[in-house]
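Have a look at the structure below, then the notes.
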There are 2 protein chains.
Amino acid sequence: MTIVMRAPLFQAMGPEITRSMIQNRACRLYERGERIFQQGDPADSFFLTVEGWVKLYRQREDGDEVVVAIFTAGETFAEVAMFMGGRFPATAEAVSPARILRIDGAALRRAVLQKPQLAFDMLAAASLHLKRLVQQIEQLKAQSAPQRIADFLLDQVPAEAGPATIALPYEKALIANRLGMQPESFSRALARLRDVGVTVDRDHVRIRDVAKLIEFSARSNEDDR
Amino acid sequence: MTIVMRAPLFQAMGPEITRSMIQNRACRLYERGERIFQQGDPADSFFLTVEGWVKLYRQREDGDEVVVAIFTAGETFAEVAMFMGGRFPATAEAVSPARILRIDGAALRRAVLQKPQLAFDMLAAASLHLKRLVQQIEQLKAQSAPQRIADFLLDQVPAEAGPATIALPYEKALIANRLGMQPESFSRALARLRDVGVTVDRDHVRIRDVAKLIEFSARSNEDDR
DNA sequence: CGCGGCGTTGATCTCTGTCAATACTTGTGG
DNA sequence: CCACAAGTATTGACAGAGATCAACGCCGCG
């Protein structure tokens, strides 16, 4: 439960409200592939990923799935939709075995009215999500497939220069979808990154020099916060 | 000022707080092309478009502009960024002569603490913006240029069937950017919509049968709210 | 050992971006 | 009132990126 308390939302809430909110078995284990909620369901709760990976995607009429976001330990999702009390505009599904905490919307709403400071934290979460979506749009509109992959890899790496090795956190097909391309294109584009010092073995990616990859990706300034 | 009061945010605020907040000449006229704020500026206010059109875009290192959203009369923008008190992650610019109300962040923050209900309205606005961004991502990832244009046109039309005529609200190059394509592609793709009953004259678009266009666009269900 | 899921590779085709030339509109000044 | 310039839109030719379809390889598992 320590990870729960670490989420900014719960820090602000204070231990007593938190505990009252996440009492009885609200935390559940989902198998890989299991749905957490479905596009169109009434949005009466939101979620905190305690462990594992979750994909949030839109289902299109033509049967295609479009991944909008992917969450992992410590991240909350669907708060804003829940707050509106409407319906979920997307579907959430575990892409690995995942432990997920469900938080009741009505309870949170009451908490916010009691402690307005909480609203700021909700907005902080919304802000973060907005920023990520904007970033994604920017990437889709202005960057080639190899550049988007480079950005994705760089997001996984703390360092700003030197060598690094990373394990791809989930299936390549999912990464491809997240990045807005076909699995085949992902494979080819990743191979093309060999020129800038990226080599692949199974699900392990070795970057010879992070700085070089940053230069290649032409990332725009991370001039926020 | 009636349009100000109509914005959900101010409805909830009540007339007295509203008036105290938007007192002295906070409303300003911007010329076409004038910046309202710039990416990286301290985000100490947010804005309500009273009249005209505003584009919100990211400036990339390579000089490209990526339009993230476009706002018009009655819509607020940058609330969430403001609330975080950080810096604007994008630039806002008037694309037509525009009358815009600037609202002080600190004042709003105080108002929220006084009247927690306001927080819900902030979250509502955030929710709307999030939903739009998600929709945009879906379109970019899963739809061809003509389909994206079809969706754009359909957003301008209230009807669900029958004929319609619409005036494009701003320059085609801007629409093209918003839809993630080059002006040339926009021109060609729009021409290709002739097959589904769309004809263009200057900035006027005639749709012979809206239902047919909906079918073509393969829009996913608008299953929200 | 054989099967199924996942990933890669190859061939081909379509769409979109790019570069360049050409209208069309609008506003300005003679 | 006309000529011209600047901004905006369209059209053409071409190249490249990525999608699609198909085949194959790899690996884990029953």
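In what follows, chains are A, B, ... by sequence order, proteins preceding strands, each numbered from 1. Quantities reported herein were computed from a predicted structural model and do not represent experimental measurements. Only heavy atoms go into these numbers, but all of them, side chains included; no hydrogens, no water, no symmetry mates.
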Distance, rounded to the nearest Å, where Y170(A) contributes OH and dG7(C) contributes P = 13 Å
message = For P183(B) and R202(A), find the nucleotide of DNA chain D closest to each by heavy atoms; which residue's nucleotide sits nearer the 5' end?
response = P183(B)
request  = Decide whether E65(A) and N177(A) meet the rule of one side-chain donor and one side-chain acceptor closer than 3.5 Å.
outcome  = no
request  = Would you mind reading off the distance between L193(A) atom CG and dT8(C) atom C1', rounded to a whole angstrom?
outcome  = 16 Å
inquiry  = Once you measure the plane-to-plane angle for F88(A) and F37(A), does it fall in the parallel (<30°), tilted (30-60°) or perpendicular (>60°) bin?
reply    = parallel
task = Would you mind reading off the distance between L140(B) atom CG and dG18(D) atom P, rounded to a whole angstrom?
result = 14 Å
ask   = Side-chain donor-acceptor pair under 3.5 Å between D104(A) and S45(A), yes or no?
value = no
For nucleotides 3-6 of chain C, tabulate all protein N/O to nucleotide N/O atom pairs closer than 3.5 Å, reporting atom names and distance.
| from | atom 1 | to | atom 2 | distance (Å) |
| --- | --- | --- | --- | --- |
| dC6(C) | OP1 | R32(A) | NH2 | 3.0 |

ask   = Do the side chains of I175(A) and E171(A) get nearer than 4.5 Å, heavy atoms only?
value = no
query = Do E79(B) and T76(B) have side-chain atoms, one donor and one acceptor, less than 3.5 Å apart?
reply = yes
Interatomic distance where CG belongs to L179(A) and C1' belongs to dA19(D) [whole Å] = 16 Å
message = Between C1' on dA9(D) and CD1 on I149(B), what's the gap in Å once rounded to a whole number?
response = 14 Å
Expected rows: protein N/O vs nucleotides 14-18 of chain C N/O, under 3.5 Å:
| from | atom 1 | to | atom 2 | distance (Å) |
| --- | --- | --- | --- | --- |
| dT16(C) | OP1 | A145(B) | N | 2.8 |
| dG17(C) | OP2 | Q182(B) | N | 3.3 |
| dG17(C) | OP2 | S185(B) | OG | 2.3 |
| dT18(C) | O4 | R188(B) | NH2 | 3.0 |

query = With distance as the sole test, does T91(B) use its side chain to make a donor-acceptor pair with the main-chain N or O of Q39(B) at under 3.5 Å?
reply = yes
query = Does the pair E75(A)/R132(A) count as a salt bridge with the N-to-O cut at 4.0 Å?
reply = yes
query = Is the charged tip of R28(A) near the ring of Y30(A): under 6.0 Å from the six-membered ring centre and within 45° of its axis?
reply = yes
task = Return the value, rounded to whole Å, for the distance between atom NZ of K141(B) and atom P of dG18(D).
result = 15 Å
message = Treating K131(B) as the side-chain partner and A126(B) as the backbone partner, does any N or O pair qualify as donor plus acceptor under 3.5 Å?
response = no
Length of the line joining D203(B):CG and dC24(C):C1', which is rounded to integer Å = 13 Å
